[in-house]
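FYI, side chains are in, hydrogens and waters are out, and symmetry mates aren't considered; it's all heavy atoms of this structure.
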Amino acid sequence: RGGAGPGWACALSLAVGVARMPPSSARLARFGGVDARERRPPPPVWRRILAIGLPPGGEFALMFVFMGVTYWCLRGLGTDAQAGYGIGMRVMQAIFLPIMAIAFAVAPVAGQHVGAGRGARVLATLRSAALIGSAALFALPLLCHWPPPRFLGPFAGTAPAAAVATRFLGLRPSRL
């Protein structure tokens, strides 16, 4: 049934791994000499952990819900539609990845300059990041306009999946 077998195998292996973690951790803790009191952080530490961890955890939970709903909506369209959608999403992620890397790298560099009291360097850093990010946002999507069968062919197992990915990325007008 398509990808159901590998999906179930992955889920089952993760469940077994998670179930085996506590006994393995307890056995290894005896050799490492971990004090049981150190395993339970005090409430202020828990609050800090949750303040840091909940926002990204919530983001990943929303991504899970989004992907689940999307694939649930695609379930009746066949495996080629699902594969084409997945390919299109991954290509978009690959385009955004360098831009996101630039954006996340700018904050610490600009922050160091702010801490050093170098306002001119802060502005220069932000200008450079804006120019590099803009150039990347202009250049990377141009790759998608390379002949779509050549560009998407290596990622798609079938021509219909490549056609769906092509339509998803807006490279050809849809004739649905």
Side-chain angles (χ1 to χ4, degrees), residues 1-22 24-25 49-112 125-176:
R1 283 179 130 262
W8 279 108
C10 182
L12 182 62
S13 68
L14 285 171
V16 169
V18 168
R20 288 187 47 89
M21 276 176 42
S24 298
S25 297
I49 290 171
L50 291 174
I52 293 169
L54 279 180
E59 179 184 2
F60 280 108
L62 288 175
M63 287 171 42
F64 170 76
V65 169
F66 169 76
M67 292 301 288
V69 168
T70 301
Y71 279 106
W72 180 79
C73 292
L74 289 173
R75 76 187 186 286
L77 300 177
T79 56
D80 288 325
Q82 293 173 5
Y85 172 78
I87 293 164
M89 286 295 290
R90 295 299 179 251
V91 168
M92 282 186 1
Q93 286 175 344
I95 290 171
F96 287 125
L97 185 63
I99 289 97
M100 294 301 292
I102 293 165
F104 287 136
V106 167
V109 173
Q112 288 175 346
T125 300
L126 296 177
R127 269 192 214 106
S128 297
L131 287 172
I132 294 168
S134 298
L137 277 172
F138 177 77
L140 290 172
L142 290 178
L143 286 174
C144 293
H145 292 283
W146 192 30
R150 284 194 208 152
F151 179 64
L152 296 172
F155 306 111
T158 64
V164 170
T166 299
R167 285 194 307 269
F168 176 81
L169 292 169
L171 303 177
R172 284 196 194 135
S174 177
R175 296 192 179 197
L176 297 177

- Verdict with reasoning, Met100 to Phe104, per side-chain contact (heavy atoms from CB on, under 4.5 Å): CA-CA 6 Å; Met100 294 301 292; Phe104 287 136; 3.6 Å; yes
Over all atoms of both residues, closest heavy-atom pair of [X] and [Y]:
X: Tyr85; Y: Val164; result: N-CG1, 4.0 Å
X: Met89; Y: Phe66; result: CE-CE2, 4.3 Å
X: Ala105; Y: Val109; result: O-CG2, 3.5 Å
X: Pro98; Y: Leu140; result: CG-CD1, 3.7 Å
X: Ala110; Y: Thr125; result: N-CG2, 4.3 Å
X: Ala129; Y: Val106; result: CB-CG2, 3.0 Å

What is the distance from atom [atom1] of [X] to atom [atom2] of [Y], rounded to the nearest 0.5 Å?
X: Asp80; Y: Leu74; atom1: CG; atom2: CG; value: 12.0 Å
X: Trp72; Y: Arg75; atom1: CH2; atom2: CZ; value: 4.5 Å
X: Ile102; Y: Ile132; atom1: CD1; atom2: CD1; value: 6.0 Å

- Message: Taking Leu131's backbone N and O only, do any of them form a donor-acceptor pair with Ser134's side chain (distance below 3.5 Å, no angle check)?
- Response: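 No, Ser134 side chain to Leu131 backbone: no donor-acceptor pair under 3.5 Å.
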- Item | Phe96 CZ: over 12 foreign heavy atoms closer than 6.0 Å |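 Atom CZ in Phe96 is not packed in, count stays at 12 or less.
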- side-chain contact (heavy atoms from CB on, under 4.5 Å) between Gln93 and Leu97, intermediate numbers included: CA-CA 6 Å; Gln93 286 175 344; Leu97 185 63; over 6 Å; no
